[in-house]
Engineer: 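Mind having a look at this structure? Questions to follow.
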Amino acid sequence: MSATTSVSTTSATSTGGLQIRQLHPTYACEITGVDLSKPIPEEDFIRVRDALHRYGVVVIPRANLPDDRGHVEFSRRFGEVEKSKWRSPHMRPLPYDEIFDISNLDVKSEIVTESNEKRITAIRGNALWHADGSFNPRRTYVSMLRAVELPPAGTGGETEYADARQAYEDLPEETKARIKDLVVVHSFLHNRQTSNPDSPLFKGRSVFDEPLARHKLVPIHEPSGQLVLYVTSYAHHIEGMPIEEGQQLLRELMAHATQPKYVFRHVWQNNGDAVIWDNTAVLHRATAGAYEGKHRRDMRRTCVMDSSKDAYGLNNPADAKNQRNSS
Ligand SMILES: [Fe+2]
């Protein structure tokens, strides 16, 4: 685990009844004074969305979304909520297709153990830096994660973020010029193979036999007008470059973007807390902890599809109709 920039209060503003407190020197904020147990007025929603666009990550302590339905309905205010096309037989049968299960619980609602290869490999995959859905023809915009049941304090499970806009901004000018028009080819399988090199689930498969998605390495974050270093663990190679050379460049850029100075580590505190992030501006990853295999951790997520001009990258929008669920 890398060291991270510690949480520090750099500024606080009050807008309407909402208080916004910046959590990292360059991004991420906490909003208090917002109660999502009931629908909030449009002007408050716009303040939350504006904060999301500005800060990339919005923590809402005790958001108190009442249930899965309330979670889906609030998410819908950001745009088109992604629906699971099928529910894996390894996951709990949750009632809404829009709710993605990020828990460590199996189909019987019992704690996942190392013997559950399918689930453990997915958990390892999410521990690599990524933007949800970058392997899809249409990218994911907002993810909203809510804590239904957290493990005991101090047993891990923090979520880490990296500021991909600031990381781009800080690149040397010559690097910016060199990468500005590059196209990256993303693969879901690539992340799973990298995170699970010995798993029989992924061994012997080629990314070139499975769906690939092409996205700009430096897309624009439309709401802020800032450029983003869109480098994720799904990024397999760079179009038009020898595979090894492209992968070396991707590794260097990933190492740059995830330096401790760009990282904000969110420590989950209370059941009912929620975090919203903009996948077109920040990266994230799950972290391990002593709770694994011992304590229940029930987290649920929604995803909202990107509608910005770089949403489909260089892909055929028709291919997005059958894309897999975000991860
Ligand atoms: Fe994720």
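Read the numbers this way: they start at 1 and go in the same order the structure lists the ligands and their atoms.
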Engineer: Between His284 and Asp132, does any side-chain donor sit less than 3.5 Å from a side-chain acceptor?
Structural biologist: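 There is such a pair (donor and acceptor under 3.5 Å, judged by atom type) between the side chains of His284 and Asp132.
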Engineer: Check whether the side chains of Thr113 and Arg119 place a donor and an acceptor atom closer than 3.5 Å, and report yes or no.
Structural biologist: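 Result is no, nothing qualifies.
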Engineer: Is it the case that Asp163 and Thr26 place a side-chain donor and acceptor less than 3.5 Å from each other?
Structural biologist: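 Yes, a side-chain donor-acceptor pair sits under 3.5 Å.
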Engineer: Using a distance threshold of 2.8 Å, what protein N/O/S atoms lie below it relative to the Fe ion (ligand 1)?
Structural biologist: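 Metal shell, protein only: His130 NE2, Asp132 OD1, His284 NE2.
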Engineer: State which residues pass salt bridge (Lys or Arg N to Asp or Glu O under 4.0 Å) with Arg92; sequence neighbours excluded, sorted by chain then number.
Structural biologist: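 Salt bridge (Lys or Arg N to Asp or Glu O under 4.0 Å) check on Arg92 returns Asp101, Asp298.
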Engineer: Quick check for you: to the nearest 0.5 Å, what is the distance between Asp181 atom CG and Lys216 atom NZ?
Structural biologist: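 Result: 8.5 Å between the selected atoms.
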Engineer: Distance only, no hydrogens: is a donor on one side chain within 3.5 Å (strictly under) of an acceptor on the other, for Asn104 and Arg297?
Structural biologist: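 Judged by distance alone, the side chains do not pair up.
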